[in-house]
Participant: 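Shown below is the structure under consideration.
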Amino acid sequence: MKLTNRSQFDQLVTTATDAFSQLSDGTKWVISVGMSECSFAKGAKDTFQALNLGITMGKVDATLRQVGCGGWCWAEPFITVSGPAHPPIIYANVNADDVPELMQSIQHGQPHGSALGVIADQPFGDIPSIFDDPFFGKQRRILLRECGFIDPYSIEEYIANGGYSAWTKALFDMSPEEVIEEVKTANVRGRGGAGFPAGIKWESGRRTQAWPKYVACNSHEGEPNVYKDRRLIESNPHLVLEGIMLGCYGVGAERGYNYVGGEHILAVERFKHAVAQAYEYGLLGENVLGTGLTFDVRTRVGGGAYICGEGSAMMYSIMGERGQPRTKPPRSVEEGLWRRPTVLNNTETLASVPSIIRNGGEWFAGIGNEKSTGTKLITMQGPLARLGLVEIEMGASLREVIFDMYGGMAEGKVLKGVQTGGVSAGPLVESQLDVGLDFDSMKPLNGMLGSGGFVIFDESVDAVEFARYLMAFNRYESCSKCTPCRLGNPALVEIVDRILNGNGRMSDLDLIERTANHVIGLSLCGLGQVAPVPLQGMIEHFRADFESKMVNETSAPPREPMLVHAADD
Amino acid sequence: MAQDVDTAVNAADTDRVRALLRDNFQPQDHEEAQELILGALQDVQHLLGWVPLWATRLVAEHLGVSENRIYGLLTFYADFRTSQPGHHFMLLCHGTACFVGGSQNLINELRDHYGIADSETTSDGELTVQVVNGCLGVCDLAPVIQFDHQNYYGKLDVEKFNEAIAEVIRQGPVENHHEAH
Ligand SMILES: Cc1cc2nc3c(=O)[nH]c(=O)nc-3n(C[C@H](O)[C@H](O)[C@H](O)COP(=O)(O)O)c2cc1C
Ligand code: SF4
Ligand code: FES
């Protein structure tokens, strides 16, 4: 049902809002099951089937629906029950076996034992409000607002929650320049790692005098400890899509791309599905809502190479080539995909734009701190009490996030360090945890916000082994195009291996430093330029782990690794 | 190419690949055709479990690109398998969260007790492993493995790892139990 003007869209908003509010107005029982990659891994499909069976057999009169992931991965499979007798309740860890008992309690209008909390400001009986739990209460959910609450396959549910109102506002009430102006005022900085202001990139994209132009969304997410972008797409694909569309309108591009890591199968499927729905309603395609404007969005998949997250490599990959970075200039806003101007942003960056257009750049700039505005998706891993995905206000302290929101260390575990910035920065230690999570505060500590993935590790992890792991990751993922990275990283792995094998000498630490500086200073792209940084950070903070493995200096010197010379000359 | 050129091509599989390409990969021009190569290879692999030589020929033909180019992609991108996997396919996550949880022990166990490393198949043809240098996206289950694209085992130590492998092999090849999970 193609909409051909704005008032038809407004009508759709009204019907969609009515239908959606009936799901939670307490007139009927509604059971929502979290269905995403992370919940499937814990058996959510079985939970869903068991509920479905119970309902078809007439055990309870309820509507069964699916929603995305809300970020509380430790509580999966989760379900939310709303109905006449109580405010919506989130139940944690509901397996298929728990379903019969749960159905019985619903039948009796009673909450069941395993409740995590009620979605209300006040507790209900002995069930606390989820907002009293710091995991929920301390979040600032803007991007995740609908995640875990709406059906990712339903464009109507997205629209009922304000979806595509930024799109119509931009199309009918704003010029492209005004859209860019809001993004600049918001000062939203790139969430893909580098923190470059998106508004400025959009402006140069708009100014480039060559057509056609493209907007590309980077949903590659190949880092070894991050899953924020795919989870966002799985849970609310339309939000990302609307962000890409707004980028196209601002920049003056008729076509947007979303490049998704090929291994993120569910994200690819749900994003494609969302795009198809947007075409059906005429929000994409020719003559969008009667404006005479054309917009297309293409989904492209990768093949499991971390380097394809780098901008120029990503574009080669989209063009069906090996993803190997190239030297800049020209920058991709001048010559990107098919050598045409291309504005590249991370998924999370683009997903921030709809709320900026709806609420204004000033509003967004008021969240977070002065230099890092808005919110940040964070994933924490390791031996913590709880694990999952949260959205914090920029600047929140790392300590607060670890110890309040994630509930601190798991029982019996002692924090040794926190690896920051994925594989591109060094670790932080206990005394540094008061640092704020934003783009700039961690830099002096050789840490990095990066894409918001943090790995906590405890005393069971040896710093030399961990450093070797991070080095080996970068060595393996090097595209081998330039020599410092291709030879320097294997040399560094070799030196660390020597230390691990008990043949290291104190002088190896200097050799590491010199080799690392070669790799950092001479590599062509961001992979090589930071590849040795985690190793350097591990040495800085856990020197004792390295020194304790060194051989006595007076014994015969070991053979120099062959590759070291290559990188050291 | 590191694969068995003589693998018997089964007519039904050829038809499925042709249908897949025809139905889902219709480029408007040569630029778009090139954009579709990786996606087509991914879908072929989802369908067959790997990318045999005959299928790369079909993709090349369908999209109007050279086989050589496709070979260059298959060998660059870690996702693709150019030899036939065993009865069961295991993704072993070696992301950072899994590493700090002990995934290295699992990799060592594969080497020591099953005689396989990344991308290899056990000599009895039961199990192929692919070590994921990324993240399976379920770090709260770290260290975690996934069998046959759907069946996860998490919070593993070596003992549970061996039990999981034994259990999956006992269940028989996946074709016989689609509902497995
Ligand atoms: C090795 C490497 C991997 C990268 N991987 C990603 C990625 O997976 N996702 C991403 O958005 N940016 C990634 N980046 C950063 C991109 O090059 C680029 O800066 C970013 O996508 C721009 O978007 P933003 O300004 O919105 O952050 C990577 C960079 C390098 C050097
Ligand atoms: S620095 Fe490494 S990844 Fe980057 S272009 Fe050079 S070899 Fe490739
Ligand atoms: S690192 Fe293994 S699932 Fe994320």
Side-chain angles (χ1 to χ4, degrees), chain A residues 37-38 40-43 45-46 73-74 76 221-227 230-231 257 261-265 298-306 308 317-324 338 379 381-383 386-388 419 422-423 453 455-458 460-461 465-466 469-470 473 476-477 479, chain B residues 24 27-28 30-43 45-46 63 65 69-70 72-80 91 93-104 118 130-142 144-146 149-154 179 181:
Chain A
E37 183 188 46
C38 49
F40 290 164
K42 291 154 215 152
K45 281 184 187 166
D46 289 341
C73 301
W74 89 90
E76 286 172 328
E221 197 159 65
E223 260 178 72
N225 58 344
V226 181
Y227 51 82
R230 71 189 97 154
R231 208 64 83 234
Y257 284 86
E263 60 279 31
H264 313 326
I265 295 169
R298 292 178 172 182
T299 312
R300 296 294 179 244
V301 298
Y306 168 65
C308 290
S317 182
I318 292 180
M319 295 187 284
E321 306 279 355
R322 290 179 159 215
Q324 291 182 301
W338 304 113
T379 52
Q381 285 106 37
R386 296 159 156 191
L387 292 170
Q419 171 59 19
V423 290
V455 179
I456 317 296
F457 53 102
D458 71 346
S460 71
V461 177
E465 303 258 13
F466 199 2
Y469 166 83
L470 295 163
F473 179 91
Y476 181 82
E477 296 295 343
C479 82
Chain B
N24 301 332
Q28 295 163 6
H30 188 56
E31 274 180 11
E32 192 177 10
Q34 297 173 75
E35 291 177 6
L36 295 178
I37 306 172
L38 280 176
L41 293 173
Q42 287 278 13
D43 282 9
Q45 180 158 288
H46 293 164
L63 295 175
V65 297
R69 171 155 175 199
I70 294 192
L73 299 177
L74 290 174
T75 48
F76 180 83
Y77 290 97
D79 277 354
F80 298 112
L91 289 176
C93 187
H94 197 38
T96 325
C98 287
F99 171 80
V100 302
S103 54
Q104 187 65 50
D118 185 18
Q130 186 168 330
V131 175
V132 179
N133 224 23
C135 167
L136 281 184
V138 285
C139 309
D140 55 311
L141 293 184
V144 59
I145 55 177
Q146 183 211 58
H149 311 289
Q150 50 181 347
N151 190 0
Y152 293 80
Y153 291 83
E179 291 309 309
H181 103 128

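So that the names make sense, note that chain A is the first sequence line, chain B the second, and so on, each numbered from 1. Hydrogens, waters and symmetry mates are skipped; everything else that's a heavy atom, side chains included, is used. Just so you know, these numbers come straight off a predicted model, no measurement behind them.
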Participant: Just by distance, with hydrogens left out, do B:Glu35 and A:Trp338 show a side-chain donor and acceptor under 3.5 Å apart?
Facilitator: yes

Participant: Taking C-beta and beyond as the side chain, do A:Gln381 and A:Pro224 meet within less than 4.5 Å on heavy atoms?
Facilitator: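 Side-chain contact under 4.5 Å: no.
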
Participant: Of the backbone (N, CA, C, O) and the side chain (C-beta and beyond), which part of A:Ser317 lies under 4.5 Å from a heavy atom of chain B, both, or neither?
Facilitator: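 Both backbone and side chain of A:Ser317 come within 4.5 Å of chain B.
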
Participant: Relative to chain B, which segment of A:Trp74 carries a heavy atom at a distance below 4.5 Å: side chain, backbone, both, or neither?
Facilitator: backbone

Participant: Rounded to the nearest 0.5 Å, what's the gap from SG on A:Cys308 to CD on A:Glu477? Could you check?
Facilitator: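 The distance works out to 9.0 Å.
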
Participant: Out of B:Leu38, B:Val100, B:Asn133, B:Ile37, return the one with the most heavy atom pairs under 4.5 angstrom to chain A.
Facilitator: B:Asn133

Participant: Taking the side chain as everything from C-beta on, heavy atoms only, tell me whether A:Tyr227 gets closer than 4.5 Å to A:Cys73.
Facilitator: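 Side-chain contact under 4.5 Å: yes.
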
Participant: With a 4.5 angstrom heavy-atom cut-off, is it the side chain or the backbone of B:Asp118 that approaches chain A, or both, or neither?
Facilitator: side chain

Participant: Between A:Arg231 and B:Gly137, is there a donor-acceptor pair closer than 3.5 Å when you use the side chain of the first and the backbone of the second?
Facilitator: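 Confirmed, A:Arg231 side chain pairs with B:Gly137 backbone.
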
Participant: Is there a side-chain contact between A:Leu387 and B:Cys139, using heavy atoms and a 4.5 Å cut-off?
Facilitator: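 They are not in contact (no side-chain heavy atoms under 4.5 Å apart), so the answer is no.
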
Participant: Taking every non-hydrogen pair under 4.5 Å, which of B:Val138, B:Val132, B:Leu63, B:Thr96 racks up the most with chain A?
Facilitator: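 Of B:Val138, B:Val132, B:Leu63, B:Thr96, B:Thr96 has the most heavy-atom pairs under 4.5 Å with chain A.
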
Participant: In terms of heavy-atom proximity below 4.5 Å to chain A, should B:Leu136 be classed as side chain, backbone, both, or neither?
Facilitator: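 Just the backbone, heavy atoms under 4.5 Å.
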
Participant: Measuring heavy-atom distances to chain B, does A:Arg322 have an atom under 4.5 Å in its side chain, in its backbone, in both, or in neither?
Facilitator: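 For A:Arg322, heavy atoms of backbone and side chain both lie under 4.5 Å from chain B.
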
Participant: Can B:Cys135 and A:Asn225 be said to form a side-chain contact (heavy atoms from CB on, under 4.5 Å), step by step?
Facilitator: CA-CA 6 Å; B:Cys135 167; A:Asn225 58 344; 5.7 Å; no

Participant: With only heavy atoms counted, which part of A:Ile456 is less than 4.5 Å from chain B, the side chain, the backbone, both or neither?
Facilitator: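 For A:Ile456, backbone heavy atoms alone lie under 4.5 Å from chain B.
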
Participant: Should B:Asp140 and A:Lys42 count as an ion pair when the cut-off is N to O under 4.0 Å?
Facilitator: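 Salt bridge: yes.
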
Participant: Please classify the contact between A:Tyr306 and chain B as side chain, backbone, both or neither, with a heavy-atom cut-off of under 4.5 Å.
Facilitator: neither

Participant: Is it the backbone or the side chain of A:Glu37 that comes under 4.5 Å from a heavy atom of chain B, or both, or neither?
Facilitator: both

Participant: Could you tell me if B:Asp79 and B:Gln42 have a donor-acceptor pair between their side chains, going purely by distance under 3.5 Å?
Facilitator: yes

Participant: Got a donor-acceptor contact below 3.5 angstrom from the A:His264 side chain to the A:Glu221 backbone?
Facilitator: yes

Participant: Looking at A:Pro383, A:Gly222, A:Gly262, which has the largest count of heavy-atom pairs under 4.5 Å with chain B?
Facilitator: A:Gly262

Participant: So for A:Glu321, is it side chain, backbone, both, or neither that comes closer than 4.5 Å to the heavy atoms of chain B?
Facilitator: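 Both parts, backbone and side chain.
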
Participant: Of the listed residues (A:Tyr469, A:Phe473, A:Tyr476), which shares the most heavy-atom pairs with chain B below a 4.5 Å separation?
Facilitator: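 The candidate making the most pairs under 4.5 Å is A:Tyr469.
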
Participant: B:His149 versus chain A, heavy atoms under 4.5 Å apart: side chain, backbone, both or neither?
Facilitator: neither

Participant: With a 4.5 angstrom heavy-atom cut-off, could you sort out which part of A:Arg298 is near chain B: side chain, backbone, both or neither?
Facilitator: side chain

